[in-house]
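Just below is one structure, and these are the notes that go with it.
From a predicted model like this one, the values you see are computed outputs, not experimental measurements.
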Amino acid sequence: MTSSGMNMNGKIIFYEDRNFQGRSYECMSDCPDVSSYLNRCQSSRVERGCFMVYDRTNYNGNQYFMRRGEYPDHMNMMGMSNGVKSCRMIPVHRGSFRMRIYERENFAGQMQELQEDCENVMERFRMSGCMSCNVMEGHWLLYEHPDFRGKMMYVRPGEYRNFHSHMAMNSMNGMKYMSMRRITDSI
């Protein structure tokens, strides 16, 4: 499948309480508001595929990457005190990966092109960080710290002139990302 082909086999189950207790909701696509199905979401199980989950509705707020596995306590595992509020299914991408990263917002400053993971933008390119990007191929995770640590942001093909506007997080104004990872089947 290419990036335009959706992985229709993704499946995540959300539970109201920790340790997969309480009411549940099965989801096999994007869901902008989990609270329309559950009062809260404190645990989940990914049976197939990969998902990004968000602590605010409409794909806003802090983001967390989830692949196949069990997540019995969102608060302890991810620091999500209010639980999952929305989720986005990540389509399987088979093919090459390509992204241009820019040191400043609006594609300004130094530019570098990536086709593979980058553990540390500063060490590899002598850039102070990444504040905008253009994803040409593939799906990527951007991390606020080197070595794929800290808050993350999911980006798919498209232009990202200002990460702040895509995250809807007032406290993250001027956010710079310091490492990038491709989302592959092996992640």
Using the side chain to side chain contact (heavy atoms under 4.5 Å, CB included) rule, take Q110 and Y102 through it: C-alpha gap first, then chi angles, then the decisive distance, then the call. CA-CA 6 Å; Q110 184 179 327; Y102 297 84; over 6 Å; no
Count I, L, V, M, F, W, Y as connected when their side-chain heavy atoms are under 4.5 Å apart, and connections chain through other members. Are M153 and V121 then in the same cluster? yes
Closer than 3.5 angstrom, by distance alone: can the side chain of S24 be matched with the main-chain N or O of Y15 as a donor-acceptor pair? no
Heavy-atom distance under 4.5 Å between the side chains of M99 and M136, does that happen here? no
At their closest point, which heavy atom of P32 faces which heavy atom of S86, and how far apart are they? O-CB, 3.3 Å
Charged tip of R45 within 45° of F20 ring normal and under 6.0 Å: yes
From C130 SG over to R104 CZ, what is the distance, rounded to the nearest 0.5 angstrom? 13.0 Å
Ignoring hydrogens, what is the shortest heavy-atom contact between D55 and N62? Give both atom names and the distance. OD1-N, 2.8 Å
Any donor-acceptor N/O pair, E144 side chain to M152 backbone, under 3.5 Å: no
Scan R181, R149, M180 and name whichever one has a side-chain contact (heavy atoms from CB on, under 4.5 Å) with Y143. R181
Rounded distance [0.5 Å steps], CD in E119 versus CG in D147: 5.5 Å
Looking at E159 and C133, would you say the former's side chain and the latter's main chain have a donor-acceptor pair under 3.5 Å? no
Cluster link I13 to M78, ILVMFWY, side chain under 4.5 Å: no
Closest non-hydrogen atoms of G158 and N134, given as atom of the first, atom of the second and distance, are O-OD1, 3.4 Å
Applying side-chain contact (heavy atoms from CB on, under 4.5 Å), name anything that partners Y37, two or more places apart in sequence or on another chain. Y25, C31
Picking from E113, M127, M131, what satisfies side-chain contact (heavy atoms from CB on, under 4.5 Å) with I101? M127
Run the side chain to side chain contact (heavy atoms under 4.5 Å, CB included) check on F97 and I183 step by step: do they pass? CA-CA 9 Å; F97 288 78; I183 299 176; 5.6 Å; no
Find out if a path of hydrophobic residues (ILVMFWY) with successive side-chain heavy-atom gaps under 4.5 Å connects Y177 to M111. no
Derivation and outcome, side chain to side chain contact (heavy atoms under 4.5 Å, CB included), residues R156 and V135: CA-CA 6 Å; R156 54 190 178 179; V135 178; 5.9 Å; no
According to the interplanar angle, ranging from 0 to 90°, do the rings of Y59 and Y54 count as parallel (below 30°), tilted (30 to 60°) or perpendicular (above 60°)? perpendicular
Chi angles and distances behind the side chain to side chain contact (heavy atoms under 4.5 Å, CB included) call for K85, D33: CA-CA 6 Å; K85 300 291 186 190; D33 188 0; 5.7 Å; no
F65 and C50, any side-chain heavy atoms less than 4.5 Å apart: yes
Applying a strict under-4.5 Å side-chain criterion to I, L, V, M, F, W and Y, I'd like to know whether V34 and M89 cluster together. yes
Will you find, in the side chains of H74 and S43, an N or O donor that is under 3.5 Å from an N or O acceptor? no
Answer yes or no: does atom CZ of R124 have more than 12 heavy-atom neighbours from other residues, nucleotides or ligands under 6.0 Å? yes
State whether the side chain of N58 and the backbone N or O of N60 hold a donor-acceptor pair below 3.5 Å, judged by distance alone. no
Sidechain N-carboxylate O distance under 4.0 Å for D17, R40: yes
Which distance, rounded to the nearest 0.5 Å, do you find between the CD of Q112 and the CZ of R100? 11.0 Å
Please report the shortest heavy-atom distance between S132 and A108, naming the atom on each side. OG-N, 4.5 Å
Do S96 and E137 get their side chains close enough for a donor-acceptor pair, meaning under 3.5 Å? yes
Side chains of F148 and L142: closer than 4.5 Å at any heavy-atom pair? no
In chain order, what residues pass the side-chain contact (heavy atoms from CB on, under 4.5 Å) check against S128, with sequence neighbours excluded? E103, K176
Look at the rings of Y160 and F163 and say which category their plane angle falls in: under 30° parallel, 30 to 60° tilted, over 60° perpendicular. tilted
Would you say V46 and K11 make side-chain contact, with heavy atoms under 4.5 Å? no
Identify the heavy atoms of R18 and M75 that sit nearest to each other, and give their distance. NH2-CB, 3.8 Å
Could you give me the CA-CA distance, side-chain angles and deciding distance for D30 and R88, then say whether salt bridge (Lys or Arg N to Asp or Glu O under 4.0 Å) is met? CA-CA 4 Å; D30 295 353; R88 193 178 291 281; 3.5 Å; yes
Considering non-hydrogen atoms only, spot the tightest contact between F51 and G10 and give its length. CZ-C, 3.8 Å
Determine whether more than 12 heavy atoms belonging to other residues, nucleotides or ligands lie under 6.0 Å from atom CD of E70. yes
Say you draw a straight line from OG of S29 to CD1 of I12; how long is it, rounded to the nearest 0.5 Å? 11.5 Å
Under 4.0 Å between a side-chain nitrogen and a carboxylate oxygen: does that hold for R182 and E116? no
Please determine whether residues L38 and Y64 belong to a single hydrophobic cluster, defined as Ile, Leu, Val, Met, Phe, Trp and Tyr linked transitively by side-chain heavy-atom distances below 4.5 Å. yes
Please round to the nearest 0.5 Å and tell me the distance separating atom NE2 of H93 and atom OG1 of T184. 10.5 Å
